[in-house]
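Below: the structure, in structure tokens.
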Amino acid sequence: GIQAFGRMLANSRGFSRCMTRRMFSEVCKRDPAPADESEIRALADRFEDTYKLTDLAEIVSLSPRCGLLE
């Protein structure tokens with residue numbers, strides 16, 4: 001059913017990386033470059049701890065690759 005589908009999405013690595021890329025684009029105001037991929041993977045791993053978009057927005061904004069703190 002729909003709950004099983006939701007669990008499948010939540011447990012897939014692709015979902016967390018996709019959401020991280022989208023959040024990176026929104027927060028950092030640029031698309032992730034190929035050089036950002038290792039940071040995207042690390043941020044996606046942290047996102048998987050809670051699956052909260054507010055947490056993801058925070059960790060992306062604090063990422064040195066985002067450049068908001070320069």
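- For the pair F47/V60, no side-chain contact is recorded, criterion being any heavy-atom separation below 4.5 Å from C-beta on.
- Listed by chain and residue number, R13 satisfy the salt bridge (Lys or Arg N to Asp or Glu O under 4.0 Å) test with D45 (two or more places apart in sequence, or in another chain).
- By the 4.5 Å heavy-atom criterion applied to side chains, E58 and L62 are counted as neighbours.
- Once rounded to the nearest 0.5 Å, the distance linking CG of L56 with CG of L43 reads 7.0 Å.
- The CE atom of M19 sits 15.0 Å away from atom CZ of R17, with the distance rounded to the nearest 0.5 Å.
- R46 pairs by the side chain to side chain contact (heavy atoms under 4.5 Å, CB included) definition with I59, not counting sequence neighbours.
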For residues 23-35, please give each side-chain donor-acceptor pair under 3.5 Å, one per line with the distance, not counting sequence neighbours.
| unit_1 | atom_1 | unit_2 | atom_2 | d |
| --- | --- | --- | --- | --- |
| S25 | OG | R21 | O | 3.2 |
| S25 | OG | D31 | OD1 | 3.1 |
| K29 | NZ | E26 | O | 3.1 |
| R30 | NH1 | D36 | OD2 | 2.9 |
| R30 | NH2 | D36 | OD2 | 3.4 |
| R30 | NH2 | R65 | O | 2.6 |

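- R22 CZ: 12 or fewer foreign heavy atoms inside a 6.0 Å radius.
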